Every structure is written in C-alpha cells, then in structure tokens.
Amino acid sequence: MPSRFRRLDGALAELPVEEPTLLTELDGFLTGLIVCREPIPVDEWMTVIWGVEADGVPPFEDPLDVQWFVKALAARRDEIARDLSRGKLQPILDVDERDGEILWEYWVDGFSDAIALRPDAWGGAAAVAEWTDPWHRLQALIAIARGESVEVNAFQDRAVAELTDTVRRLYAARDREATPIVVDAIAAPKIGRNDPCLCGSGKKHKHCCG
C-alpha cells in the first residue's frame, strides 16, 4: 500500500468516533459519491466520515491536519474519477491475511453509505435503460455483502470482477445521461495593428502584445 494511503488509513483510525471508517470503506464511499446522479455537498458527506458526534467540526487539534486530511480525500476522489472516466476502477480492498481472501464487502458497505445520502437519485434511475441492469446487479452485491443473499458462496470467486464491472457501467450510464454545462465564450475586443496596445504600455499593438 502506498504511504499516502497508509497515512490516510491511520488518520481514519484515530478519528474520535465510535466506529471509525476503514480505508476500503472510504474508497467505496468516495466512489459512490462520484457515480451518484446527483451532486452532494462536501459538508454533507464529510459528516459521514467524521461522524455525527463531530457536529460538522473537523476532529483534529492541528489545523494543518485538517488541511492535509481534506486534500488527501480530494486527491483520492479525483483519482477515482479519472480512472472511471477512462473506463477503469482500481478499488482499495482489504485482504484477509489468514487465507488471502479479498474482503470486498467492506468496500460495498462504503458505497452503500453514499447511496443512503440520495436514495431517490439512485432508485429513480431504474427506468433508464442503461442504468437498470447494473443497478440491479449492484443491489445484489449489497445484499450479498450484508449476508442477505444465499449466493455468497458461489459468488465469492468473481465478486471483485463483478463489482468493478458493475460500477464502471453505472458510471458510464450516468456520464452519458449527464447534461453538459455550456459556458458562453467571451469575445475578445478587436484592435488594429497601429492602435495603442490594450496592456497600457503606450506602444502600438503590433510592436507590443500583437
């Protein structure tokens, strides 16, 4: 694990909450925020990480620790977004040291926490053709992770592949559905070659910025 992830993992473990968020849960949570069809304000989702007990106040004694923590979350979030935009996903997953089993369920738990912030935005997309199948697959993954499905034993060997493929498909469907933001271009003023330069140098445009 890269040192930046180890430091973030340690910071999460030291948060003064009853059940600190695991790094793999955080990774799933950030991914869920990105895939969600509705933007969620930072102040709202940060409370999930810091805990309700913090009442929106960062639980760090040193302001520099707050800055580092927020930047670390933003860096990982941006990294996930870049991977998804390229059709990839590299989730941070824990591994059971006893048998090498990948504990993907914790990652899904984090993703579920993101869904819980905007359940209508997720469920309301069921009518969108490209969203329907991966959404149902994701619900099946969540049920297995929570022990609510009998498929868990047969599914375990392909869980990670199913997870990454499902999330990639959800992101692709959301990305195609999203309305692009159009920014009006600002026309630059026209200026003749022999006119005074707009920079205020007093020189002709052709001898200055032109």
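Here the structure is a predicted model, which means the values were calculated and not measured. Only this structure's heavy atoms are used, side chains among them; waters, hydrogens and symmetry mates stay out.
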Tell me, yes or no, whether the heavy-atom count around Y106 atom OH, taken from other residues, nucleotides or ligands under 6.0 Å, exceeds 12.
no

Got P91 and T164 here, is their nearest side-chain heavy-atom distance under 4.5 Å?
yes

Interatomic spacing from OH in Y171 to NZ in K88 - rounded to 0.5 Å:
14.0 Å

Sub-4.5 Å side-chain heavy-atom contact between L12 and I49
yes

Please examine the side chains of W104 and I144, heavy atoms only from C-beta on, and report whether any two atoms are closer than 4.5 Å.
yes

Output the distance between atom CG (L23) and atom CG (D94), rounded to the nearest 0.5 Å.
7.5 Å

What verdict does the salt bridge (charged side-chain N to carboxylate O under 4.0 Å, His left out) test give for E79 and R82, after you've listed the backbone C-alpha separation in whole Å, the side-chain angles of each residue and the deciding distance to 0.1 Å?
CA-CA 5 Å; E79 187 175 33; R82 284 195 300 271; 5.1 Å; no

With rounding to the nearest 0.5 Å, note down the distance linking CG in L141 to CD in E162.
5.5 Å

Do the non-hydrogen side-chain atoms of L73 and M46 ever get within less than 4.5 Å of each other?
yes

Is any side-chain heavy atom of V160 closer than 4.5 Å to one of W107?
no

Residues two or more places apart in sequence or in another chain: which of them pass side chain to side chain contact (heavy atoms under 4.5 Å, CB included) with S112?
V108, I142, R146

Does the R77 side chain pair with the main chain of L30, one donor and one acceptor, at a distance under 3.5 Å?
no

With a 4.5 Å cut-off on side-chain heavy atoms, are L26 and I92 touching?
no

Test side chain to side chain contact (heavy atoms under 4.5 Å, CB included) on T21 and F29; report intermediate values, then the result.
CA-CA 10 Å; T21 301; F29 181 68; over 6 Å; no

Between F111 and W122 (judged by ring centroids, cut-off 6.0 Å), do the two rings come close enough to count as a pair?
yes

Output for pair (D9 CG, E14 CD), nearest 0.5 Å, gives 10.0 Å

Closest heavy-atom pair and its distance - A145, D109:
CB-OD1, 4.5 Å

From D83 CG over to D78 CG, what is the distance, rounded to the nearest 0.5 angstrom?
11.0 Å

If you compare all heavy atoms of A116 against all heavy atoms of P119, which two are closest, and at what distance to 0.1 Å?
O-CD, 3.3 Å

Sort out for me which residue in D165, L84, L163, V35 forms a side-chain contact (heavy atoms from CB on, under 4.5 Å) with L89.
L84

For the pair T166 (side chain) and P134 (backbone), establish whether a donor and an acceptor sit closer than 3.5 Å, ignoring hydrogens and angles.
no

Do D120 and E38 have side chains that get closer than 4.5 Å, going by heavy atoms?
no

Just by distance, do the side chain of R174 and the backbone of I34 share a donor-acceptor pair under 3.5 Å?
yes

Scanning both residues in full, the closest heavy-atom pair of P41 with R118 reads CD-NH2, 3.8 Å

Check whether any side-chain heavy atom of I115 lies under 4.5 Å from a side-chain heavy atom of L138, and answer yes or no.
yes

What is the minimum heavy-atom distance between A13 and P20, and which atoms define it?
O-CG, 3.9 Å

Inter-residue atom distance R169.CZ - T132.OG1, 0.5 Å rounding
10.0 Å

